[in-house]
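Here is the structure we will look at.
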Amino acid sequence: KTGNDMPVSDADNNNVVDFVFAFYAGEGESNPNVTTDAVWPHAWSIYDELVFNGKRLGAYACSNEIDNISTINVPYEKNLLIYSGGIQGGRATSLKILADAIEKTDLIMEIYAPKRDVFQFEGEFEDYSNTHIYEYVPKDKQYWNLKRAMVLVHVESFEKDYITYYKYSMSTKLADYLSVKRPILCVGSKEIATVSFVEENKLGYVIDDITCIDKKIEYFKSSLDAQVYNNFSEVYKHYFYKETVQKRVYDVLLENSNLR
């Protein structure tokens, strides 16, 4: 803040600045193809006695202005499908249905799940040759791992109780999926919001009936060449951009307040 006006940053008046955030120009060292001379975005605490206007600095964070990740074109690995997420709530069963069908093709599916899920379900996938289950990759490597996929996989349950429970829920990983701009193969009931969202926005191919699933997967694979699933950027911008979300939250608050 201009003039080092530290008193306004010490709300509890304990002579320690509550928080400092530095937003620096250019790219960060975490961005691909950036030299090590750049600053890595991070959060930390200052333990040295750095004092301004009687206020000691403590916790801080910093981040870069330019993020070039989304502009980098990373080639996918042919025939690789990746699922990333929890496999509770009937999803393991749907993944096994998909794994059974994939076993008859040249497709490979990698499942990345929380450690507890891997421990609970890895035995159910050990006999598959074309499906492999792993623990989550670290958050900072997730984008690049998803970029490896030719197709991203999302599954939901076909079981009535789970459909009722998840009917109005939207998967939090959709934003991650859309950011890497890969088609989504979605297996599950269209009564669940995430499944219908993928279909309505033409983000991929939905299989909500496992009858003849082998033929449906072959059809989906052949349709990839036609590039009919290319709506990722528009949907991401419309639903998941920070400014868009902020406006929707503001509109909802405004609608339910006396500010109109």
Side-chain angles (χ1 to χ4, degrees), residues 32 67-92 94-95 97-99 102 107-114 117-118 131-157 166-208 216-217 220-221 223-224 226-245 248:
D67 183 357
N68 66 3
I69 287 179
S70 61
T71 63
I72 296 176
N73 184 25
V74 178
Y76 60 76
E77 297 179 22
K78 187 176 180 181
N79 295 334
L80 176 62
L81 281 61
I82 289 181
Y83 173 88
S84 178
I87 55 178
Q88 303 280 346
R91 296 186 182 96
S94 295
L95 280 169
I97 292 171
L98 182 57
I102 286 175
L107 298 171
I108 298 294
M109 180 167 63
E110 295 179 356
I111 300 170
Y112 293 88
D117 290 3
V118 174
T131 297
H132 312 282
I133 185 168
Y134 308 98
E135 290 183 22
Y136 271 151
V137 297
K139 186 69 175 177
D140 61 332
K141 294 181 173 61
Q142 179 173 280
Y143 176 88
W144 301 108
N145 190 51
L146 294 177
K147 270 284 191 182
R148 295 171 47 236
M150 180 180 76
V151 171
L152 297 172
V153 174
H154 179 76
V155 298
E156 294 289 355
S157 179
Y166 291 107
K167 187 171 185 177
Y168 300 108
S169 68
M170 184 68 70
S171 173
T172 55
K173 67 168 170 281
L174 263 186
D176 294 331
Y177 275 19
L178 292 177
S179 70
V180 302
K181 301 178 182 179
R182 297 288 191 257
I184 300 172
L185 175 60
C186 194
V187 179
S189 170
K190 282 195 283 190
E191 292 184 58
I192 296 177
T194 304
V195 180
S196 59
F197 182 88
V198 170
E199 182 173 71
E200 290 168 5
N201 289 281
K202 299 179 181 178
L203 302 174
Y205 184 61
V206 170
I207 299 176
D208 71 328
K216 291 174 182 176
I217 289 176
F220 171 67
K221 187 179 175 184
S223 70
L224 293 174
Q227 296 184 337
V228 294
Y229 314 113
N230 55 10
N231 204 27
F232 317 112
S233 297
E234 291 77 7
V235 174
Y236 185 81
K237 185 181 297 185
H238 183 74
Y239 288 100
F240 298 104
Y241 264 24
K242 179 177 71 174
E243 292 79 6
T244 306
V245 173
R248 288 210 308 273

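Counting begins at 1 with the first residue of the sequence. Predicted, not measured: the structure shown is a model, and the values here were computed from it.
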Does the side-chain contact (heavy atoms from CB on, under 4.5 Å) test come out yes or no for Asn79 and Lys221, once each step is laid out? CA-CA 9 Å; Asn79 295 334; Lys221 187 179 175 184; 3.5 Å; yes

Quick one: closest heavy-atom pair of [X] and [Y], and the distance?
X	Y	result
Tyr177	Val153	OH-O, 2.6 Å
Thr194	Ser171	OG1-N, 2.9 Å
Glu191	Lys167	O-CG, 3.2 Å
Gly86	Pro114	CA-CD, 3.7 Å
Gly188	Val195	O-CG1, 3.7 Å
Cys186	Val198	CB-CG1, 4.2 Å

Rounded to the nearest 0.5 Å, what's the gap from [atom1] on [X] to [atom2] on [Y]? Could you check?
X	Y	atom1	atom2	result
Thr131	Ile102	OG1	CD1	5.0 Å
Met150	Leu80	CE	CG	8.0 Å
Asp176	Asn145	CG	CG	11.5 Å
Ser157	Ile192	OG	CD1	6.5 Å
Met170	Ser196	CE	OG	6.5 Å
Leu174	Leu152	CG	CG	10.0 Å

Where does the angle between the aromatic ring planes of Tyr205 and Phe220 fall among parallel (under 30°), tilted (30 to 60°) and perpendicular (over 60°)? parallel

Applied to residues 75-85, the salt bridge (charged side-chain N to carboxylate O under 4.0 Å, His left out) test, sequence neighbours excluded, yields Glu77-Arg148

Report yes if some heavy atom in the side chain of [X] is under 4.5 Å from a heavy atom in the side chain of [Y]; otherwise report no.
X	Y	result
Asn201	Glu234	no
Leu98	Ile207	no
Leu146	Ile82	yes

For Glu199, which residues count as a salt bridge (Lys or Arg N to Asp or Glu O under 4.0 Å) partner, sequence neighbours excluded? Lys190

Taking only residues two or more places apart in sequence or in another chain, which ones pass side chain to side chain donor-acceptor pair (under 3.5 Å) with Glu135? none

Those residues that, when tested against Asp117, pass side chain to side chain donor-acceptor pair (under 3.5 Å) (two or more places apart): Gln88

Quick one: ring pair (Phe, Tyr, Trp, His ring centres under 6.0 Å) partners of Phe197, sequence neighbours excluded? Tyr239

Looking at residues at least two apart in the chain, or sitting in another chain, which of them share a ring pair (Phe, Tyr, Trp, His ring centres under 6.0 Å) with Tyr136? none

Row check, Tyr166 ring normal vs Arg91 NZ/CZ: under 6.0 Å, within 45°: yes

